[in-house]
Amino acid sequence: MVEAIPGLINAIRMIHSISRYYNTSEKITSLFVKVTNQMITACKTYITNNGSVSIWDQPQELVTQRIKAAIHLNQQEYQRYFHKTKQALEKSPSERQFDFSEMYIFGKFDTFQRRLNKILNMFDIINTYSALQDSKIEGLETMATKFQAIVLAMKKKPYSFLDQRRTDFDQDYDEFCKHTNELHNQLRAFMDTTLDKIQNTERALSVLKKFERLGIPDLGISEKYQRLLQNFGRDIEMVSRIYMRQKLDPPMGRDLPPVAGCIQWVRQLFRRIQSPMETFQKQPGVLDGPEAKRIIRNYNRMARVLLEYELLYHRGWMDQIEVTKVGLQASLLVKCPDTGELYVNFDPQILTQIREKDCMTRMGLEIPPFAAVLQQKQHVLKRHYNQLQLVLTENRRVRGKIQSAFEQLLSPHVARVDEAILPGLTTLNWTSLNIDKYINHITAALEELELLLDRVNDLVEFRIDAVLQDMSCTPLCVLPDEEPFTCDEFVQKTRELCMSGAQTLHTKSALVEEAANELINMLLESEQQQEPPQKLPEPESRAESKTEPSDSKADPADSEGED
């Protein structure tokens, strides 16, 4: 029809100029009215697909496209070319003019166009408020359900929405707009109530952004941003007070080292003011007012203070990490001067600095080279620390098995353990390469000492103490249970018991003597066998240590002869 309109208007113009029957305005107007009615009928057929479907049974985009095409046909083609032809005739007074009633010709099409505009407006409202269904804002479910009920009631109307003669549509359309306006007012009130309940500015901005993403106009989003900007100004002042109150002793997160904890704390304060400011910057016009300028100045001043705090602590940590090198040069073990107790001489700051480095890396801060080296060695340092702790615990446990009676005899064996421990007190430090060999050497010495102590304690318990306990229970005199003994009977029985007891005591005494000699020989032999093969040459000490066993062997012999 769009392509045929120019030829159609020209044909009617020629008819008006030549035809005797259509030479009056009434006849031509009637002809134009018939053309208009046919156009309206064709548009309805085009929109409803030859009357087979309604506007609700088709995709809304397709219906909208066809309605706009019908409006374009009337406004931009039909009436425009009619007025163009009319203006061209006005320039030729000799020809018959188009002095027809435009209201009579185009009135029905204009009424039909107004109906189409209302349908398009209704479609726009439905598209706008359909976002309520997809929103994740808590509490909007009721409004989304209510809007669906409004739309469903409109779709169920029994008449044809394209029939411009039905005035029922106008009343229903007004009712539809009224309900949607009420829903809109409820939505604004709900948004105000929701934002009033939120004290945190960042969260309030997040919720306001969700309302903004609904795309529903006239919700007062700009006014809400201005109000939240005022709240943000108070948040900056609150952050400033928190900083001044806690900057010397900030609250730490769980399992955070001191410096990283301080930096994490100040970054959290900075995020509380940074995130809202970034949101405000994305909103045009929000930061243009004089009050906004004051808030921006406060924000810049507070941000500078927080960043300087972080920079100060980070530089202090980088200087402190260099001091940690001294801790690695310390000896592996240290002895308490008062009690003689051994302790692992490991600086706890080393583990703290390793943890600091991990946290600094996650926060994206600069790491000094030594901190990276320290982190590479952390597993080795922790393993050596745990092994040394275990070795000292074993040392205390094994030494606890030494009985006071054998301390003097066992002193050479204990001295060998002390000799194995000695390098950790003097020469070895945490950067030494032979720490594993040192720990294995101590472990071997402790195992040998424990094996000797177990043999000694077993021999004393089962072959000496147990036999002596039996000897102490040997009866030498028996008293009567019921009838008294005569003096002769008592003397006779006592003599017999003493004779058998003497024999028993002599036998057991010999066993105890044999066990005691075996114990002494065991201690002396183990001392000779367990002489450390690798030892710095000390001639005088070696000579003395070799003569001591022979001297100690002579004592038992002498004591045995005396016995």
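These numbers come from the heavy atoms of this one structure, side chains and all, not from hydrogens, waters or symmetry mates. We number each residue from 1, following the sequence as shown. Fair warning: this is a prediction, and the values are worked out from it, not measured in the lab.
A pairwise comparison of heavy atoms in Asn395 and Val417 identifies OD1-CG1, 3.8 Å as the closest pair. Residue Ala372 comes nearest to Ile367 through the heavy atom pair N-CG2, 4.3 Å, listed as atom of the first residue, atom of the second, then distance. Residues His384 and Ile439 approach most closely at O-CD1, 4.3 Å, considering heavy atoms. Contact between Leu392 and Leu342 at its shortest, heavy atoms only, is CD1-O, 3.7 Å. Closest non-hydrogen pair, Ala204 versus Ile198, comes out as N-CG2, 3.6 Å. For the residue pair Gly215 and Thr128, the shortest heavy atom distance occurs at O-CG2, 4.0 Å.
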*Under the salt bridge (Lys or Arg N to Asp or Glu O under 4.0 Å) criterion, do Arg355 and Asp255 qualify, and how do the steps go?*
CA-CA 9 Å; Arg355 179 67 179 144; Asp255 197 28; 3.7 Å; yes

*Decide side-chain hydrogen bond (donor to acceptor under 3.5 Å, both in side chains) for Gln230 and Gln226; before the verdict, give the C-alpha distance in whole Å, the side-chain angles of both, and the deciding distance to 0.1 Å.*
CA-CA 7 Å; Gln230 302 302 320; Gln226 291 294 337; 5.0 Å; no

_I'd like to know whether Lys146 forms a side-chain contact (heavy atoms from CB on, under 4.5 Å) with Thr142, so could you lay out the CA-CA distance, the side-chain angles of the two residues, the decisive distance to 0.1 Å, and finally the verdict._
CA-CA 6 Å; Lys146 183 176 180 180; Thr142 304; 5.7 Å; no

*List the steps and the verdict of side-chain contact (heavy atoms from CB on, under 4.5 Å) for Asp235 and Ile273.*
CA-CA 7 Å; Asp235 288 347; Ile273 63 175; 5.6 Å; no

_Quick one, Ser432 with Asn429, criterion side-chain hydrogen bond (donor to acceptor under 3.5 Å, both in side chains). Give me CA distance, side-chain angles, the key distance, then yes/no._
CA-CA 6 Å; Ser432 301; Asn429 56 41; 3.2 Å; yes

*Kindly indicate, with the supporting measurements, whether the criterion side-chain contact (heavy atoms from CB on, under 4.5 Å) is fulfilled by Leu229 and Leu287.*
CA-CA 9 Å; Leu229 182 62; Leu287 300 177; 3.9 Å; yes

*Under the side-chain hydrogen bond (donor to acceptor under 3.5 Å, both in side chains) criterion, do Asn298 and Glu237 qualify, and how do the steps go?*
CA-CA 8 Å; Asn298 293 339; Glu237 297 175 358; 5.0 Å; no

_Could you go through Asp454 and Glu450, starting from their C-alpha distance and side-chain angles, then the distance that decides it, and tell me whether this counts as side-chain contact (heavy atoms from CB on, under 4.5 Å)?_
CA-CA 6 Å; Asp454 290 341; Glu450 185 176 18; 3.8 Å; yes

*Kindly indicate, with the supporting measurements, whether the criterion side-chain hydrogen bond (donor to acceptor under 3.5 Å, both in side chains) is fulfilled by Gln329 and Trp430.*
CA-CA 6 Å; Gln329 302 300 324; Trp430 294 98; over 6 Å; no

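Looking only at side-chain heavy atoms (C-beta outward), Leu195 and Arg227 come within less than 4.5 Å of each other. Counting heavy atoms from C-beta on, the side chains of Leu328 and Leu381 come closer than 4.5 Å. Side chains of Thr193 and Lys197 form a contact here, defined as non-hydrogen atoms less than 4.5 Å apart. Looking only at side-chain heavy atoms (C-beta outward), Lys382 and Leu351 come within less than 4.5 Å of each other. With contacts defined as side-chain heavy-atom distances shorter than 4.5 Å, the pair Trp317/Gln353 qualifies. Arg396 places a side-chain heavy atom less than 4.5 Å from the side chain of Thr393.
Taking a 6.0 Å sphere around CE of Met252, one finds it holds more than 12 heavy atoms contributed by other residues, nucleotides or ligands. Annotation for Arg315: atom CZ does not count as buried by contact number, only 12 or fewer foreign heavy atoms lying within 6.0 Å. Within 6.0 Å of CZ on Arg203 lie no more than 12 heavy atoms contributed by other residues, nucleotides or ligands. In this structure, Glu138 places its CD atom where only 12 or fewer heavy-atom neighbours from other residues, nucleotides or ligands lie under 6.0 Å away. Around atom CG of Asp319, more than 12 heavy atoms belonging to other residues, nucleotides or ligands sit under 6.0 Å away.
Rounding to the nearest 0.5 Å places CE of Met318 at 13.0 Å from CZ of Phe370. If you take CD1 on Ile435 and CG on Asn440, they are separated by 12.0 Å, rounding to the nearest 0.5 Å. Atom CD1 of residue Ile354 and atom CD of residue Gln375 lie 8.0 Å apart, to the nearest 0.5 angstrom. Taking CD1 from Ile402 and CG from Leu452, the interatomic distance works out to 9.0 Å, rounded to the nearest 0.5 Å. With rounding to the nearest 0.5 Å, the separation of CG in Leu214 from OH in Tyr129 is 10.5 Å. Distance check, rounded to the nearest 0.5 Å: CZ of Phe190 to CG of Leu140 gives 4.5 Å.
Applying the side chain to side chain donor-acceptor pair (under 3.5 Å) rule to Glu141 yields no partners; only residues at least two apart in sequence or on another chain are considered. Partners of Gln148 under the side chain to side chain donor-acceptor pair (under 3.5 Å) rule, at least two apart in sequence or in another chain, are Gln133. Here Glu202 pairs with Ser275 under the side chain to side chain donor-acceptor pair (under 3.5 Å) rule; sequence neighbours left out.
In terms of modelled atom types and a separation under 3.5 Å, the side chain of Asn345 and the main chain of Ser331 share a donor-acceptor contact. Without hydrogens or angle criteria, Asn434 side chain to Lys437 main chain gives no donor-acceptor distance under 3.5 Å. Side-chain N or O atoms of Glu356 include one that pairs as donor or acceptor with a backbone N or O of Val259 at under 3.5 Å. Using a distance-only test at 3.5 Å, with no hydrogens or angles considered, no donor-acceptor pair links the side chain of Ser135 to the main chain of Ala131. Checked by atom type and distance alone, the side chain of His314 pairs as donor or acceptor with a backbone atom of Glu366 at under 3.5 Å. Checking side-chain atoms of Tyr309 against main-chain N and O of Lys247 turns up a donor-acceptor pair under 3.5 Å. The main-chain N or O of Cys262 is never found under 3.5 Å from a side-chain atom of Arg267 such that the two would form a donor-acceptor pair. Under the 3.5 Å distance criterion, the side-chain polar atoms of Tyr438 are matched with a main-chain donor or acceptor of Ile421. Checking side-chain atoms of Ser509 against main-chain N and O of His506 turns up no donor-acceptor pair under 3.5 Å.
For an aromatic pair to be called close, the ring centres must be under 6.0 Å apart, and Trp265 with Tyr313 fails this.
Salt bridge present: Glu212 and Lys209 bring a charged side-chain N and a carboxylate O closer than 4.0 Å. Here Arg416 does not pair with Glu448 in a salt bridge; the nearest charged N to carboxylate O distance is not below 4.0 Å. Checked for salt-bridge contact, Glu496 and Lys493 miss the test: no charged N lies under 4.0 Å from a carboxylate O. Ion pair Asp418/Lys335 not flagged as a salt bridge, since none of the NZ, NE, NH1 or NH2 atoms sits closer than 4.0 Å to an Asp/Glu carboxylate oxygen. With respect to the salt-bridge test (charged N to carboxylate O, under 4.0 angstrom), the residues Arg463 and Asp458 do not qualify.
Judged by the 6.0 Å and 45° rule, Lys224 forms no cation-pi pair with Phe211.
Asn300 and Arg304 share no donor-acceptor pair across their side chains, judged by distance under 3.5 Å alone.
Ring pair Tyr225/Phe280 is perpendicular by interplanar angle, where above 60° counts as perpendicular and below 30° as parallel.
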